[in-house]
Protein chains: 2
Amino acid sequence: MYAIGERINGMFKSVAAAIKEKNPEPIQDLAREQLKAGAQALDVNVGPAAEDALAAMEWLVKTIREVTEAPLVIDTTKPEVMRRGLEAAGSGSVINSSKGQQEQLDIFVPMAVEHEASLIALTIDENGIPRDANGRGEIALRAVAAAMEKGLPMDRLMIDAVILPVNVTQPTPGHVLEAIRNVKLLSDPPPKTVLGLSNVSQGTRQRELINRTYLVMALAVGLDAAIVDVLDTELMDEMITAELLMNRAVYADDFLKAYRASAAP
Amino acid sequence: MYAIGERINGMFKSVAAAIKEKNPEPIQDLAREQLKAGAQALDVNVGPAAEDALAAMEWLVKTIREVTEAPLVIDTTKPEVMRRGLEAAGSGSVINSSKGQQEQLDIFVPMAVEHEASLIALTIDENGIPRDANGRGEIALRAVAAAMEKGLPMDRLMIDAVILPVNVTQPTPGHVLEAIRNVKLLSDPPPKTVLGLSNVSQGTRQRELINRTYLVMALAVGLDAAIVDVLDTELMDEMITAELLMNRAVYADDFLKAYRASAAP
């Protein structure tokens with residue numbers, strides 16, 4: 001699984017403070033720690049509180065780039081902030097994210113092509129989040145069509161079927177599993193699938209248990225990537241084990257250690 | 001998930017000793033502990049060392065019956081031992097198991113009908129264990145046909161797609177997931193699916209991690225039942241959480257406690 005570290009996000013107080021004070025150390029530490037823990041890419045989100053989101057994104061990306069060339073996942077809804085982040089991060093980045101309505105796809109798909117980036121497309125559109133797997137599939141198909149039309153290779157389109165907290169809407173985790181499976185039938189080759197995992201447990205009392213259980217379920221139906229807390233050791237242990245059981249990593253008696261050694265930057 | 005406790009098995013030394021000495025206490029303790037931990041049925045296996053398997057099975061079942069009326073899963077390859085176990089356990093038991101060759105099905109399917117029992121049919125036949133999901137599906141179909149012919153209701157047929165240790169054959173866990181999914185397409189209503197889980201981790205150094213990860217993966221593709229170590233708290237926590245995420249149990253903030261309270265005998 002392509003593990004995207006979620007921790008460089010202005011929603012966390014320490015990250016918000018570092019952005020405000022232009023203090024590179026906490027950010028660079030988080031970058032290094034997440035890569036060491038098995039992240040293959042790093043999500044970068046300035047958070048809602050950043051006063052000048054454009055400057056904050058540029059500073060954040062450049063600060064991370066001082067310590068790693070790992071792919072960065074530029075996490076913003078604002079096209080101008082996205083563009084600034086992509087310019088600072090370089091090719092091989094990920095746009096996180098476009099919604100599924102045509103106007104958004106018309107902005108972000110060409111941006112992905114221009115910046116040699118991948119694109120996360122959410123299965124949300126002007127009508128909101130679909131109630132079931134079929135609704136998610138319809139929006140995903142729109143994203144697939146946009147990618148084909150604009151020349152974005154299918155292995156750089158990542159469909160996020162939008163998980164919601166299990167305590168708010170209990171049928172959704174099942175719908176999302178079905179959608180992940182269905183997305184693989186939309187085209188040949190199919191787009192990739194990704195999840196912003198932690199949302200499934202928002203507001204529950206067993207966040208880590210719910211997160212890791214749902215991640216393993218999603219991997220079983222073919223999930224390719226997820227934005228996760230890679231510093232959660234139990235989650236990563238189960239992710240690594242699920243990869244092994246899907247025959248995507250070679251068995252060794254100390255397979256956990258072997259994975260981490262190969263992941264270290 | 002229908003959780004079948006695996007611990008009353010003569011493979012465990014304490015159980016073998018209790019059988020030999022006709023000492024009911026360790027057996028009855030294991031029955032009570034497993035039911036308290038969430039088992040809905042108890043596997044009963046006299047083990048390879050029992051001198052008189054017929055008498056041992058009868059004693060074991062009667063000893064368990066003194067403390068619980070929970071369904072018993074009579075675990076033997078020998079038809080006469082199976083019959084003795086079923087007679088002692090009463091209706092609602094489970095035959096564990098028939099292989100998939102016609103001669104075995106011709107013995108055990110009518111036995112299940114006669115004793116009002118369910119039947120676990122393994123996807124193994126005279127040619128051994130199939131190399132892939134399709135081979136497993138073909139044998140499962142033979143079991144479905146036998147059940148239809150002899151009048152065993154489909155919800156009392158349980159297909160076990162036979163998991164092997166991941167360190168011996170790494171493609172098998174994936175094949176078994178595919179087979180579990182395919183079995184649901186064999187008939188309408190479909191048969192149930194079951195796994196003897198612990199075999200997936202045999203000989204590995206991370207048995208519990210591999211067991212619980214694979215159980216969650218199998219639940220995500222529709223597994224109905226498993227023979228597991230219900231005394232493994234982490235495994236049961238994730239099983240309960242996966243059920244919640246599949247919308248098979250109602251969310252409550254303390255859903256783990258709620259499940260266990262409802263499971264207690």
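Per chain, numbering begins at 1; letters A, B, ... match sequence-line order.
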S.K.: Please report the C-alpha distance between B/R181 and A/R181 in whole Å, then the side-chain angles of each, then the deciding distance to 0.1 Å, and finally whether the side-chain contact (heavy atoms from CB on, under 4.5 Å) criterion is met.
M.R.: CA-CA 12 Å; B/R181 195 179 297 160; A/R181 196 179 297 161; 3.8 Å; yes
S.K.: Please identify which of these residues, B/L215, B/L219, B/T213, meets the side-chain contact (heavy atoms from CB on, under 4.5 Å) condition with A/V216.
M.R.: B/T213
S.K.: Quick check: does any side chain N or O of B/Q170 sit under 3.5 Å from a backbone N or O of A/L244, one acting as donor and the other as acceptor?
M.R.: yes
S.K.: Determine all donor-acceptor pairs shorter than 3.5 Å in which one atom belongs to a side chain in residues 223-232 of chain A; sequence neighbours excluded.
M.R.:
{"residue": "A/D224", "atom": "OD2", "partner": "A/K184", "partner atom": "NZ", "Å": "2.6"}
{"residue": "A/D224", "atom": "OD2", "partner": "A/T193", "partner atom": "N", "Å": "2.9"}
{"residue": "A/D224", "atom": "OD2", "partner": "A/T193", "partner atom": "OG1", "Å": "3.2"}
{"residue": "A/D229", "atom": "OD1", "partner": "A/L231", "partner atom": "N", "Å": "3.0"}
{"residue": "A/D232", "atom": "OD1", "partner": "A/E234", "partner atom": "N", "Å": "3.2"}
{"residue": "A/D232", "atom": "OD1", "partner": "A/L235", "partner atom": "N", "Å": "3.1"}

S.K.: Could you go through the side-chain contact (heavy atoms from CB on, under 4.5 Å) check for B/N247 and A/T172 one step at a time?
M.R.: CA-CA 9 Å; B/N247 203 14; A/T172 300; over 6 Å; no
S.K.: More than 12 heavy atoms of other residues, nucleotides or ligands under 6.0 Å from CZ of B/R248: is that the case?
M.R.: yes
S.K.: Begin from the C-alpha positions of A/F255 and B/I210 and carry the test side-chain contact (heavy atoms from CB on, under 4.5 Å) through to its verdict.
M.R.: CA-CA 11 Å; A/F255 65 89; B/I210 291 172; 4.0 Å; yes
S.K.: Among B/R205, B/E238, B/H175, single out the residue with the greatest number of heavy-atom pairs under 4.5 Å to chain A.
M.R.: B/E238
S.K.: Would you please name every residue forming a side chain to side chain donor-acceptor pair (under 3.5 Å) with A/S198, sequence neighbours left out?
M.R.: A/E6
S.K.: Heavy-atom distance under 4.5 Å to chain A: side chain of B/L177, backbone, both or neither?
M.R.: side chain
S.K.: Please tell me if the side chains of B/L256 and A/Q206 come closer than 4.5 Å, counting only heavy atoms from C-beta onward.
M.R.: yes
S.K.: Quick one: what part of A/L209 sits under 4.5 Å from any heavy atom of chain B, side chain, backbone, both or neither?
M.R.: both
S.K.: Decide side-chain contact (heavy atoms from CB on, under 4.5 Å) for B/Y251 and A/T204; before the verdict, give the C-alpha distance in whole Å, the side-chain angles of both, and the deciding distance to 0.1 Å.
M.R.: CA-CA 10 Å; B/Y251 181 85; A/T204 69; 3.4 Å; yes
S.K.: Residue by residue, scan residues 119-130 of chain B and write down, ordered by number, those that have a heavy-atom distance under 4.5 Å to chain A; if none do, write 'none'.
M.R.: none
S.K.: Looking at A/A218, A/P171, A/G203, which has the largest count of heavy-atom pairs under 4.5 Å with chain B?
M.R.: A/P171
S.K.: Which atom pair, heavy atoms only, marks the closest approach of B/M217 to A/A242?
M.R.: CE-O, 3.8 Å
S.K.: Give every donor-acceptor pair under 3.5 Å between a side-chain atom in residues 94-101 of chain B and any protein atom, sequence neighbours left out.
M.R.:
{"residue": "B/N96", "atom": "ND2", "partner": "B/D43", "partner atom": "OD1", "Å": "3.0"}

